[in-house]
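Computed from heavy atoms alone, side chains included, the values below leave out hydrogens, waters and symmetry copies.
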Amino acid sequence: MSNLLSYKNYNGTVEYSKEDNCLFGKVIGIKSLLSYEGDSVQELEQDFQNVIDEYLADCKERNVEPEQPYKGTFNVRISPELHRNIAVYAIEHGKSLNAAVEEAIGNMVGV
């Protein structure tokens, strides 16, 4: 079970403020700070969607490309032993190192 909201390929957190007695969150995976809140889950989801729609409309109006939360590239640091093992696996299976890592991650998250 995930505690993330999803809309138009953007994801956002769901948090609770006991002090303010409300739900709130922010869009993750981009540099821009987009936040939202609500007194119920339905209000939170609606405000999340509104924030995304407003962000995309603002980008379009300013003729700016909206940030994409996940571009498909990232850097990862692993131990030399794991690096060697995945490289050997890739060679043995006729794959690139990138394809072997993508396969391993896909198997881990069920894609």
Side-chain angles (χ1 to χ4, degrees):
M1 185 167 146
S2 174
N3 286 330
L4 293 178
L5 299 175
S6 295
Y7 181 65
K8 295 186 176 178
N9 292 323
Y10 290 87
N11 293 308
T13 61
V14 175
E15 300 183 52
Y16 172 68
S17 171
K18 186 174 183 177
E19 183 178 291
D20 297 323
N21 193 33
C22 74
L23 299 167
F24 68 97
K26 65 180 180 178
V27 176
I28 57 174
I30 61 174
K31 292 177 184 174
S32 297
L33 177 59
L34 304 178
S35 60
Y36 44 90
E37 63 181 48
D39 291 328
S40 68
V41 173
Q42 293 79 15
E43 282 184 19
L44 184 73
E45 289 180 7
Q46 187 60 58
D47 199 35
F48 168 68
Q49 292 177 5
N50 289 345
V51 163
I52 298 297
D53 289 338
E54 289 169 8
Y55 170 70
L56 295 173
D58 181 58
C59 287
K60 185 176 184 177
E61 182 178 303
R62 295 184 301 126
N63 201 27
V64 173
E65 193 68 30
E67 290 180 67
Q68 296 303 310
Y70 304 102
K71 298 174 184 160
T73 61
F74 64 96
N75 295 320
V76 62
R77 289 178 178 78
I78 59 176
S79 70
E81 180 181 1
L82 184 55
H83 189 172
R84 181 175 41 259
N85 290 346
I86 191 73
V88 169
Y89 173 89
I91 292 166
E92 289 175 343
H93 290 85
K95 299 179 180 218
S96 68
L97 180 59
N98 189 73
V101 171
E102 185 175 2
E103 177 186 327
I105 293 171
N107 287 335
M108 188 176 102
V109 298
V111 176

Donor-acceptor contact present, side-chain E67 to main-chain K31, <3.5 Å
yes
If you look at every heavy atom in Y89 and A100, which pair is closest and at what distance?
CD2-CB, 4.0 Å
Decide yes or no for Y16 and N21: does some side-chain heavy atom of the first lie under 4.5 Å from some side-chain heavy atom of the second?
yes
With side chains defined as the heavy atoms from C-beta onward, is the minimum distance between F48 and V14 less than 4.5 Å?
no
Decide whether I78 and I91 are clustered together by the hydrophobic rule: side chain heavy atoms of Ile, Leu, Val, Met, Phe, Trp, Tyr closer than 4.5 Å, transitively.
no
Can you name the nearest heavy-atom pair linking V51 to L34, along with the distance?
CG1-CB, 3.6 Å
Are any non-hydrogen side-chain atoms of N9 and Q68 less than 4.5 angstrom apart?
no
Nearest heavy-atom contact between E45 and L5 is CG-CD2, 3.6 Å
What residues form a side chain to side chain donor-acceptor pair (under 3.5 Å) with N85, not counting sequence neighbours?
none
Hey, quick one: are L97 and V76 part of the same hydrophobic cluster, counting side-chain heavy atoms closer than 4.5 Å, chains of contacts allowed?
yes
Roughly how far, to the nearest 0.5 Å, is the CD atom of Q49 from the NZ atom of K8?
8.5 Å
Using 0.5 Å steps for rounding, measure from the OH atom of Y7 to the CG atom of D53.
3.5 Å
Do L33 and F24 sit in one hydrophobic cluster, given that two such residues count as connected whenever their side-chain heavy atoms are within less than 4.5 Å of each other, even indirectly?
no
Test: salt bridge (charged side-chain N to carboxylate O under 4.0 Å, His left out). Region: residues 84-101. Which pairs qualify, not counting sequence neighbours?
K95-E103
Indicate yes or no: at least one non-hydrogen side-chain atom of Y36 is less than 4.5 angstrom from one of I52.
no
What are the two closest non-hydrogen atoms of D47 and E37, and how far apart are they?
OD2-N, 2.9 Å
Just how far is it from atom CD of E15 to atom SG of C22, taken to the nearest 0.5 Å?
10.5 Å
Inter-residue atom distance D39.CG - L44.CG, 0.5 Å rounding:
10.0 Å
Looking at A90 and S96, what are the two nearest heavy atoms and their distance?
CB-O, 3.7 Å
Look only at the side chain of S6 and the backbone of N11, and say whether a donor-acceptor pair between them is shorter than 3.5 Å.
no
Output every pair passing ring-ring contact (aromatic ring centres under 6.0 Å, His included) with a member in residues 51-80, not counting sequence neighbours, ordered by first then second residue.
none
